[in-house]
> 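Okay, handing you the structure first.
Bear in mind that the values here come from a model prediction, so they are computed numbers and not experimental data.
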Amino acid sequence: MSIAEIISCGGGGVLILLTLIQVMPLKVNPWSAIAKALGRAINAEVLQELEKVKATQQETQKQLSERVQVEDERNADAQREKILHFNVELMRKLPHTREDFIEILAVIDFYEDYCKDHENYKNNRAVYAVKNIKRVYEERLEENDFCKAE
């Protein structure tokens with residue numbers, strides 16, 4: 001028997017054996033494994049580039065999340081500043097309309113919701129200002145005397 005006959009018979013036997021294993025209800029799928037290995041070998045550079053793109057995308061997402069957090073905190077700071085400024089105006093006995101109070105109460109709602117949703121945000125700087133604004137608003141509602149000095 002020559003080497004060519006052995007290879008051709010052996011190769012045919014291996015081909016039949018792999019096909020039978022592939023068809024049988026086993027978890028071993030040799031054709032799929034071979035195809036997957038070939039695919040990875042052929043696409044190795046593409047897969048490496050894809051991994052680089054994924055890593056870059058994750059870094060960009062992280063940076064974007066950090067920037068959004070900083071911007072949200074700045075916005076909350078600006079809302080707190082409006083609250084404190086309005087409270088100072090009340091303490092200086094400057095008159096305000098009912099619409100002024102409604103507007104600042106909306107700002108307070110936004111600020112308090114932000115503080116509830118972001119436990120790490122330091123929010124104790126406007127607690128008494130908020131209480132005072134709400135107290136004065138309730139008094140003005142009861143007496144119906146908006147635009148009068150306190």
Side-chain angles (χ1 to χ4, degrees), residues 11-150:
V14 170
L15 181 67
I16 291 170
L17 179 64
L18 291 177
T19 304
L20 287 175
I21 292 173
Q22 179 79 25
V23 173
M24 291 174 56
L26 297 175
K27 295 191 178 201
V28 178
N29 296 323
W31 289 122
S32 298
I34 291 170
K36 188 183 256 186
L38 284 173
R40 288 185 188 266
I42 292 170
N43 294 319
E45 290 179 24
V46 174
L47 292 173
Q48 286 176 346
E49 287 298 317
L50 183 59
E51 287 301 317
K52 288 178 186 177
V53 168
K54 283 182 181 179
T56 303
Q57 185 182 25
Q58 289 173 346
E59 181 62 29
T60 302
Q61 182 63 38
K62 179 183 171 192
Q63 290 175 354
L64 178 62
S65 295
E66 290 171 357
R67 288 182 186 256
V68 166
Q69 180 181 356
V70 167
E71 185 61 30
D72 286 349
E73 287 181 6
R74 283 184 187 152
N75 189 26
D77 290 346
Q79 302 309 312
R80 182 179 59 225
E81 185 178 332
K82 288 179 186 178
I83 294 167
L84 295 173
H85 181 75
F86 191 89
N87 189 52
V88 167
E89 289 179 357
L90 288 179
M91 291 171 27
R92 290 183 179 166
K93 307 207 184 299
L94 297 175
H96 290 91
T97 65
R98 183 169 186 215
E99 289 78 16
D100 292 336
F101 277 96
I102 290 171
E103 184 65 29
I104 199 63
L105 290 172
V107 170
I108 290 171
D109 287 343
F110 171 85
Y111 179 73
E112 288 178 337
D113 287 344
Y114 181 83
C115 291
K116 285 178 194 170
D117 294 341
H118 300 86
E119 296 175 358
N120 294 333
Y121 180 72
K122 295 178 180 165
N123 62 342
N124 63 347
R125 299 178 187 155
V127 174
Y128 293 108
V130 168
K131 284 182 182 179
N132 187 49
I133 292 169
K134 289 179 178 181
R135 179 191 61 80
V136 172
Y137 179 65
E138 287 178 17
E139 288 176 3
R140 297 287 155 79
L141 274 177
E142 289 175 8
E143 297 173 16
N144 194 23
D145 63 350
F146 291 95
C147 282
K148 291 187 179 178
E150 189 176 276

> Could you pull out all residues at least two apart from Glu89 that satisfy side chain to side chain donor-acceptor pair (under 3.5 Å)?
His85, His96

> Mind checking what makes side-chain contact (heavy atoms from CB on, under 4.5 Å) contact with Lys54, not counting sequence neighbours?
Leu50, Glu51

> Applying side chain to side chain donor-acceptor pair (under 3.5 Å), can you list everything that pairs with His118, at least two apart in sequence or on another chain?
none

> Name all pairs fulfilling the salt bridge (charged side-chain N to carboxylate O under 4.0 Å, His left out) condition that reach into residues 115-132, sequence neighbours left out, sorted by first residue then second.
none

> Just jot down the side-chain contact (heavy atoms from CB on, under 4.5 Å) partners of Ile102, sequence neighbours excluded, or say none.
Arg98, Tyr137

> When rounded to the nearest 0.5 angstrom, what is the spacing between CG in Asn132 and CZ in Phe86?
10.0 Å

> Nearest heavy-atom pair of Ile108 and Lys134: which atoms, and what distance?
CG2-CE, 4.0 Å

> Scan residues 55-79 for pairs that pass ring-ring contact (aromatic ring centres under 6.0 Å, His included), counting only residues two or more places apart or in two chains.
none

> Under the salt bridge (Lys or Arg N to Asp or Glu O under 4.0 Å) rule, what do Lys52 and Glu49 come out as? Steps first, then yes or no, please.
CA-CA 5 Å; Lys52 288 178 186 177; Glu49 287 298 317; 3.6 Å; yes

> What pair of heavy atoms forms the shortest contact from Thr97 to Phe146, and how long is it?
C-CD2, 4.0 Å

> Can you tell me how far apart CG (Leu38) and CD1 (Ile34) are? Round to the nearest 0.5 Å.
7.5 Å

> Side-chain donor-acceptor pairs under 3.5 Å in residues 60-71, sequence neighbours left out?
{"unit_1": "Thr60", "atom_1": "OG1", "unit_2": "Thr56", "atom_2": "O", "d": "2.9"}
{"unit_1": "Gln63", "atom_1": "NE2", "unit_2": "Glu59", "atom_2": "OE2", "d": "3.3"}
{"unit_1": "Ser65", "atom_1": "OG", "unit_2": "Gln61", "atom_2": "O", "d": "3.0"}
{"unit_1": "Gln69", "atom_1": "NE2", "unit_2": "Glu73", "atom_2": "OE2", "d": "3.4"}

> Show the nearest heavy-atom pair for residues Phe101 and Ile133, with the distance to one decimal.
CE2-O, 4.0 Å

> Between Asn75 and Phe110, what is the shortest heavy-atom contact and its length?
ND2-CZ, 3.4 Å

> Please list, chain by chain and in numerical order, all residues satisfying side-chain contact (heavy atoms from CB on, under 4.5 Å) with Arg40, sequence neighbours excluded.
Lys36, Leu47

> Using every non-hydrogen atom in the two residues, find where Gln79 and Val107 come nearest and quote the distance to one decimal.
OE1-CG1, 3.3 Å

> Roughly how far, to the nearest 0.5 Å, is the CZ atom of Arg140 from the CG atom of Leu90?
7.0 Å

> Name all residues meeting the salt bridge (Lys or Arg N to Asp or Glu O under 4.0 Å) criterion together with Glu103; count only those two or more places apart in sequence or in a different chain, and write none if there are none.
none

> If I take atom CD from residue Glu112 and atom CG from residue Leu105, how far apart are they, to the nearest 0.5 angstrom?
9.5 Å

> The criterion is side chain to side chain donor-acceptor pair (under 3.5 Å); which residues satisfy it with Asp109, sequence neighbours excluded?
none

> Just to verify, what does Asp77 make a side chain to side chain donor-acceptor pair (under 3.5 Å) with, not counting sequence neighbours?
Arg80, Tyr121

> Work out which heavy atom in Tyr111 is nearest to a heavy atom in Ala126; give both atom names and the distance.
CE2-CB, 4.1 Å

